[in-house]
Number of protein chains: 2
Amino acid sequence: MNAKTAAKLSIPMQMREDCSIKKSMDIIGDRWSVLILREMFLGTNRFADFQRNLGIAKNILSARLQKLEEHRIIEKRPINAETSWNEYLPTEAGEDLLTVLCALIQWGDRWLQDDKAPPMLVVDRQSRKPIDGLMVTRKKRPLKREDIRFWPSARYKTFEQQEAEQYL
Amino acid sequence: MNAKTAAKLSIPMQMREDCSIKKSMDIIGDRWSVLILREMFLGTNRFADFQRNLGIAKNILSARLQKLEEHRIIEKRPINAETSWNEYLPTEAGEDLLTVLCALIQWGDRWLQDDKAPPMLVVDRQSRKPIDGLMVTRKKRPLKREDIRFWPSARYKTFEQQEAEQYL
DNA sequence: CAAATTGGTTTTTATTTGAAACCAATTATT
DNA sequence: AATAATTGGTTTCAAATAAAAACCAATTTG
């Protein structure tokens with residue numbers, strides 16, 4: 001067995017299905033979901049405001065909000081007892097997506113803004129001063145590509161794979 | 001002017017266009033791009049391997065690779081001098097998307113895996129031990145929703161906005 | 001040398017998106 | 001109090017996009 005064959009064996013196809021990136025993309029991997037969440041973090045909560053602020057078609061917005069609700073990323077709840085109107089709020093899982101949005105902001109600020117200042121700042125809620133040192137860290141050091149690799153978890157251990165590992 | 005009016009004034013529509021999340025999503029906001037990048041981080045570099053490992057249609061894969069190349073996230077280069085065949089490699093900007101993928105992994109591991117162990121680990125390249133303490137931090141403390149808010153940068157300062165800020 | 005694989009493109013079909021019309025409930029204006 | 005405007009959608013239809021399949025030339029494997 002050569003190293004190339006070993007590398008192929010070592011990544012189980014099933015892992016590609018189970019993978020959290022894949023599962024996340026099945027939910028938010030479209031043109032609008034992430035922008036809807038950004039809008040929510042900007043303080044938008046009502047249907048018409050999402051529509052106006054994003055320029056999204058109503059039927060698509062409706063479908064996306066439903067999907068996000070089904071997956072418990074947002075919650076739809078009546079604005080008050082009198083009306084039948086609703087507002088949309090992030091659940092705990094939804095709020096936790098802040099990290100993904102921040103990672104996107106940082107990446108985009110670095111690579112897509114043509115040396116211009118970032119258009120949208122992440123600021124401290126109290127002081128409203130920009131948050132510096134915001135990063136994905138690995139034990140207090142920023143994570144670099146060469147530090148890590150992705151690896152199947154123990155649930156995919158097979159004889160062939162264990163055999164293969166010694167070649168890597 | 002009440003607080004609600006102020007809040008609407010304070011977010012310039014232009015910022016929503018310039019925003020790095022929006023710009024990022026214009027490039028990688030589809031069902032496949034992020035998965036193609038994940039595949040690349042798993043060690044896949046050739047057309048047929050992407051296709052097999054992802055189950056993506058060839059024409060779509062072709063289109064996505066081209067788009068990613070245009071935006072300098074990946075690079076297409078000949079495998080060797082003799083053949084016309086290519087391999088696809090991440091650029092510096094592409095490798096930098098690791099943070100976004102890691103944020104997605106962490107989020108998905110927390111919210112989409114039904115109390116099961118994560119299917120794909122982020123491990124140290126040398127020791128192959130899982131990396132712990134990997135997170136989006138704010139000065140060494142994990143970032144929480146209630147810590148921050150998004151805020152337009154100075155380039156959108158207008159009279160109305162400055163007026164509005166005092167109400168927030 | 002023959003067969004299989006790679007790296008695509010082209011054509012056709014199915015799916016998704018978007019625009020517009022429509023409507024009922026609610027709120028604002030005169 | 002009546003009218004107009006806004007909100008929160010759904011439905012219908014056209015346009016754009018994605019997927020499947022057929023096809024092909026270059027390259028590699030048996």
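Lettering of chains follows the sequences in order, A, B, ..., and the numbering in each one begins at 1. Just so you know, these numbers use all the heavy atoms, side chains as well, and skip hydrogens, waters and symmetry mates.
In this entry the distance linking CG of A:Leu65 with P of D:dG9 reads 8 Å, nearest Å. Atom CD in A:Gln51 sits about 10 Å away from atom C1' in D:dT7, given to the nearest Å. Between the P atom of C:dG7 and the CZ atom of B:Arg77 lies a distance of 14 Å, rounded to the nearest Å. Between B:Ile60 atom CD1 and C:dT11 atom P the separation is 16 Å, expressed in whole Å. The distance between atom CG of B:Asp30 and atom P of D:dA18, rounded to the nearest whole Å, is 7 Å. Taking atom CH2 of residue B:Trp85 and atom P of nucleotide D:dA25, one finds them 15 Å apart after rounding to whole Å. The nearest whole Å value for the distance from the CZ atom in A:Arg52 to the C1' atom in D:dT6 is 9 Å. With rounding to whole Å, B:Leu61 atom CG is found 10 Å from C:dT9 atom P.
For D:dT10, the OP1/OP2 oxygens have a side-chain nitrogen or oxygen of A:Ser62 closer than 4.0 Å. The side chain of A:Ser84 contributes an N or O atom lying less than 4.0 Å from OP1 or OP2 of C:dT26. Applying the 4.0 Å criterion to OP1 and OP2 of D:dT17, one finds that B:Lys67 has every side-chain N and O outside that range. Between B:Trp32 and D:dA19, a side-chain N or O to OP1/OP2 separation shorter than 4.0 Å is present. In this model, the phosphate group of C:dT6 is not approached by any side-chain N or O of B:Tyr88 to a distance below 4.0 Å at OP1 or OP2. Neither OP1 nor OP2 of C:dT16 sits under 4.0 Å from any side-chain N or O of A:Arg31. Between A:Lys58 and C:dT17, a side-chain N or O to OP1/OP2 separation shorter than 4.0 Å is absent. One finds no side-chain N or O of B:Arg46 lying less than 4.0 angstrom from the OP1 or OP2 phosphate oxygen of C:dT6.
Here the options are A:Thr44, A:Leu35, A:Leu42, the test is side-chain contact (heavy atoms from CB on, under 4.5 Å), and the partner is A:Asn53; only A:Thr44 passes.
Annotation: side chain of B:Ile28 is in contact with side chain of B:Leu68 (closest heavy-atom distance under 4.5 Å).
Hydrophobic cluster membership is shared by A:Ile27 and A:Phe50, with clusters built from Ile, Leu, Val, Met, Phe, Trp and Tyr side chains linked at under 4.5 angstrom.
Nearest heavy-atom pair, B:Arg155 versus A:Pro118, reported as atom, atom and distance to 0.1 Å: NH2-C, 4.3 Å.
Backbone-only engagement by A:Asn86 is indicated by non-hydrogen atom pairs under 4.0 Å involving sugar-phosphate atoms exclusively.
Between the side chain of B:Asn59 and the base of D:dA18, no donor-acceptor pair under 3.5 Å is found.
Residue order along DNA chain C, read from the 5' end via each residue's closest nucleotide, puts A:Arg64 first among A:Thr83 and A:Arg64.
A donor-acceptor pair is defined here as one N or O able to donate and one able to accept, closer than 3.5 Å; such a pair exists between the side chain of B:Gln106 and the backbone of B:Cys102.
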